[in-house]
Amino acid sequence: MNTLLLIIALLAMTTLAYHVGRKRALASVGGNGHLLHSLPSYHGAYVALWCILPAAIIVFFWLSSENAIINSMMVSSLSLEQQDLSTAEINLILSEIRNIASGAIRSTNIDETKLALADRYGELQFLSTAGLIVVTMGIGAMGLLYSRRFIAPRFRARRWVERMVMGLLIACSIIAILTTIGIVLSLLFEASRFFTKVSPIEFLFGLHWSPQTALRADQVGSTGAFGAVPVFAGTLLITIIAMIVAVPIGLLSAIYMAEYATPHFRSVVKPLLEILAGVPTVVYGFFAALTVGPFIRDLGESVGLNVASESALAAGLVMGIMIIPFVSSLSDDVINAVPQSLRDGAFAMGATKSETIRQIIIPAALPGIVGSILLAVSRAIGETMIVVMAAGLSANFTANPFEAVTTVTVQIVTLLVGDQEFDSAKTLAAFALGLILFIVTLILNVIALTVVRKYREKYD
Amino acid sequence: MSLDQPVNDSEIMETEIKVSARGVGVFYGEANALRDVDIDFRQHQVTSLIGPSGCGKSTFLRCLNRMNDTVDGCRVVGSIVLDGQNIYSKDVDPVELRARVGMVFQKPNPFPKSIYDNIGYGPRIHGMATNKTEMDEIVESSLKLAGLWDEVKDRLDEPGTGLSGGQQQRLCIARAIAVAPEVILMDEPCSALDPIATAKIEELIDELRQNYTIVIVTHSMQQAARVSQRTAFFHLGNLVEQGDTEQIFTNPVDDRTQSYITGRIG
Ligand SMILES: Nc1ncnc2c1ncn2[C@@H]1O[C@H](COP(=O)(O)OP(=O)(O)O)[C@@H](O)[C@H]1O
Ligand SMILES: [Mg+2]
């Protein structure tokens, strides 16, 4: 709440700074705007940036370190025997104090020392917020006053503003890149910890997957088996089923839309088809689990087949439907990118429409189509919600689509859901699976994108 | 080469009329892009269609092989008679028609296939070759006619798109020849080419005249003068004037033709 007010105040000051810079720039040339090196708005933006950037950086660091600092101050004011407790217990005490301070715990029998501590906590928080407001607004005002002095007719405000904006853009892209690198590194690190417990050979080639390990020494339980082949096989099976559904339907509808449909029909249907891609996967998930799965089971029973109600087929079918728009939309784009001159050339040779499509357009668009299919495959491999809800959990090593199977993503979810020890092989296995998943989809994406790009270049 | 020699009048009159258009008009939706065109094209002759851009030359050319059928909202009126039959009558199949009336486009548009398959494409869809030997013969003779054989005979498997612009355009001409058409339409076939490639194509057009009826759209009056025996001048959707190339360029009847060839409108 306070932070929100602070941000509003800071923005108000920035607006003020903009007008101050503008006014001053115009005043410096007696209102004769064209005597300025840069447009008045650049001078305004220059002052505004000086006002907001340093202040925003302060706010960011203040807010991100506030808790840690207050906590350590609280710890130092705890009694000595309490300070010797384990971190977890100290955290417990601290959160109790916090709850008292915020009024979440309202009990008459809270002991005195805790009440005092809660008071102290409230005090510290108030100080911190007040300090933040004063410091931020001060820095903002200083930035305003400092930069205001530079405003002069020959001052190159435009170059400075553009440089600062560029810096901002670079900072943003660096954040994105660093995040990606961070994710990859943590994945690598955790996976390598897993591979110290389970050999990569066993993980990659073992045929038995049963990650439940005994938590205590005296517990009766499995010792855990981490052969991931059944899990990979499950992913593969479901992906294949999904592609069997998605590729023909997606591709044929793309051909229809690109080559046969009237522009009006196309402008209505294409967005409709793309809505399929916007349906939350959890919705597909319960559609698969509650409608398609039982339907397939009943259908199977009526012809004497034994179908599990959670089957690879149900999950694969629904996933295939979800992926249709990926295939159709991208394929439609690449088919449209085939130059009209090739169609004209084929028609002028006396080719019929279907001959032109089959023999000229599809071969010309093939690399792009393959690219779109690969992207769809990587989407299918990474898809989680549908398979969690509809494919089951048992790691059957089977090619029978009527049986329940499990996939890499489902296993990651089940391994990490609930309270976990973060150093057991069971938990770490999730990272190893994630790493494999990441590598596979990365490779697929890279191939798909290069293929698509190559294809684009050919006609541009 | 006979290009620079004055065209012999009697030679022109001798040949038979191959295509004859009467009252041809074209509408793109409501817009009337071409009005009431009457013109004959004679066998073994090259006819140039000239005129400022947007005057309807391409539109008219595309009527001659019914390529306008493939354009949404395009409507053609009037009659175009090829060897005594109106190509717009119900019982003419545009697909068969296009095998008889070939077309070469402004920008070379080889298919993204091998040189061999580019030539073989037409014969294959029209079932003109029953075996590989026959197909080889068609490919070889078409490439020879288009003057491209010597340049590509060792790399028939390579993609047609890998050739130079001029070679690609000759490949497209060879591709059109391969289905043994009677008429060849060319829409500014040299406008994307350099002068040397252009000269080669012009030479080729003159040779092809022996076997085909050729209609060529060009924006270059020198080219029209070099390759064609007859010329038709279009202006704002009207066929303004037609006649022997000599006469059009030396002694035009209409003021608009006069202005165009002297460079005052264009
Ligand atoms: N596909 C089309 N749709 C609508 N109008 C067209 C189309 N093609 C050509 N036109 C119009 O028809 C007229 C003649 O065009 P075109 O035959 O291409 O001229 P030229 O080849 O002589 O330069 C122009 O006004 C052009 O805008
Ligand atoms: Mg044109």
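Every chain is numbered from 1, with letters handed out A, B, ... down the list of sequences.
- Summarising the local packing, CZ of A:F295 is surrounded by 12 or fewer heavy atoms from other residues, nucleotides or ligands at distances under 6.0 Å.
- Although no hydrogens or angles enter the test, the distance criterion places no donor-acceptor pair under 3.5 Å between the side chain of B:N109 and the main chain of A:L342.
- At a 4.5 Å heavy-atom cutoff, B:V104 makes no contact with chain A through either its backbone or its side chain.
- Taking non-hydrogen atoms and a 4.5 Å limit, the residue list of residues 81-91 of chain B in contact with chain A is empty.
- Listed in order of number, the residues of residues 343-359 of chain A that approach chain B to under 4.5 Å between heavy atoms are A:D344, A:G345, A:A346, A:F347, A:A348, A:M349, A:G350, A:A351, A:T352, A:E355, A:T356, A:Q359.
- Among residue pairs with one or both ends in residues 89-139 of chain B, those qualifying as ring-ring contact (aromatic ring centres under 6.0 Å, His included) are B:F111-B:Y121; sequence neighbours excluded.
- Contacts of B:R62 with chain A are made by side-chain atoms alone, with heavy-atom separations under 4.5 Å and no backbone atom involved.
- Annotation: B:E30, atom CD; neighbour count of heavy atoms from other residues, nucleotides and ligands within 6.0 Å does not exceed 12.
- With chain A as partner, the option from B:E96, B:M67, B:M103, B:K113 having the largest number of non-hydrogen pairs under 4.5 angstrom is B:M67.
- Of the two parts of B:P110, only the backbone, made up of N, CA, C and O, holds a non-hydrogen atom closer than 4.5 Å to a non-hydrogen atom of chain A.
- For B:F234, the ring pair (Phe, Tyr, Trp, His ring centres under 6.0 Å) partners at least two apart in sequence or on another chain are B:F60.
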